[in-house]
Amino acid sequence: QVQLVESGGGLVQAGGSLRLSCAASGRTFSSYTMGWFRQAPGKEREFVAAIGWSGSSTTYANSVNGRFTISRDNTLKTVTLQMNSLKPEDTAVYYCAAKQSPVLTGVFGVWGQGTQVTVSS
């Protein structure tokens with residue numbers, strides 16, 4: 001099973017950009033579907049984006065589609081979330097997640113510790 005560590009969060013002004021990274025340990029990273037989720041204060045955790053094993057399949061939440069881009073590097077065992085045109089409502093703790101099913105949506109079973117993203121207006 002992989003272990004996940006996120007980095008790259010911080011404080012940014014509205015309209016700015018941030019790049020989140022998730023580093024995975026374990027030999028079978030390329031067999032995991034990877035995803036990003038977020039949880040704002042007082043709200044449920046919500047899906048942001050996911051990417052398939054090879055990186056050729058991706059899906060996004062409507063709220064971030066066209067602004068965020070998920071990518072992965074199976075050699076480096078990393079998954080990245082490039083976030084552009086950030087809005088105050090993007091403020092949340094962002095979590096990297098993994099699962100061995102090829103289905104991009106649904107339940108993810110492995111989670112990182114999270115990284116805070118704060119967007120000021």
Side-chain angles (χ1 to χ4, degrees):
Q1 177 166 300
V2 296
Q3 293 184 322
L4 307 173
V5 178
E6 302 96 334
S7 62
L11 173 65
V12 64
Q13 288 188 332
S17 298
L18 276 177
R19 186 178 181 89
L20 304 183
S21 293
C22 174
S25 61
R27 296 182 180 180
T28 58
F29 175 75
S30 60
S31 68
Y32 281 80
T33 293
M34 301 298 298
W36 285 96
F37 290 74
R38 66 187 182 186
Q39 187 168 18
K43 294 188 176 181
E44 298 281 327
R45 185 165 57 190
E46 65 175 359
F47 170 80
V48 175
I51 187 166
W53 298 339
S54 69
S56 60
S57 300
T58 58
T59 188
Y60 296 91
N62 289 338
S63 59
V64 306
N65 197 22
R67 299 188 297 123
F68 292 10
T69 302
I70 188 171
S71 60
R72 68 187 295 162
D73 186 322
N74 287 340
T75 300
L76 297 178
K77 299 182 183 179
T78 58
V79 61
T80 299
L81 186 68
Q82 177 66 42
M83 305 186 295
N84 298 327
S85 302
L86 283 161
K87 305 174 181 180
E89 51 263 43
D90 294 318
T91 295
V93 177
Y94 282 71
Y95 297 91
C96 179
K99 61 175 178 175
Q100 289 190 291
S101 165
V103 177
L104 297 185
T105 55
V107 177
F108 282 69
V110 183
W111 295 87
Q113 84 287 352
T115 185
Q116 177 71 45
V117 171
T118 303
V119 184
S120 63
S121 57

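Each residue takes its place number in the sequence, starting with 1.
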Is [Y] close to [X] at the side-chain level, that is, under 4.5 Å between some pair of heavy atoms?
X    : Y    : answer
V119 : V117 : yes
Y60  : R67  : no
L81  : F68  : yes
L20  : M83  : yes

Under the 3.5 angstrom rule, does the side chain of [X] hit a backbone N or O of [Y] as a donor-acceptor pair?
X    : Y   : result
Q3   : S25 : no
K77  : G26 : yes
Y95  : R45 : no
Q100 : T33 : no
W53  : S31 : yes
K87  : T91 : no
T118 : L11 : no

Not counting sequence neighbours, which residues clear ring pair (Phe, Tyr, Trp, His ring centres under 6.0 Å) with F37? List them please.
F47, F108, W111
Identify the heavy atoms of [X] and [Y] that sit nearest to each other, and give their distance.
X    : Y   : result
D90  : S85 : OD2-O, 4.4 Å
S17  : N84 : OG-OD1, 2.9 Å
A40  : A92 : N-CB, 3.8 Å
D73  : T75 : OD1-N, 2.9 Å
S121 : P88 : CB-CG, 3.8 Å

Linked, directly or transitively: [X] and [Y] (ILVMFWY side chains, under 4.5 Å):
X    : Y   : answer
L104 : Y94 : no
V110 : W36 : yes
V93  : L4  : no

In Å and rounded to the nearest 0.5 Å, what is the CZ to CD distance from R38 to E89?
8.0 Å
Atom CD of Q113 and atom CD of E6: how far apart are they, to the nearest 0.5 Å?
4.5 Å
Just checking, any donor-acceptor pair under 3.5 angstrom between side chains of N74 and R72?
yes
Please collect all disulfide (SG to SG under 2.5 Å) contacts where either partner lies in residues 85-121, sequence neighbours excluded, each pair once.
C22-C96
Reference residue S71; test side chain to side chain contact (heavy atoms under 4.5 Å, CB included); the match among T58, V79, T78, T80
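Passing option: T80.
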Just to verify, what does T69 make a side-chain hydrogen bond (donor to acceptor under 3.5 Å, both in side chains) with, not counting sequence neighbours?
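Listed in chain order: nothing, the list is empty.
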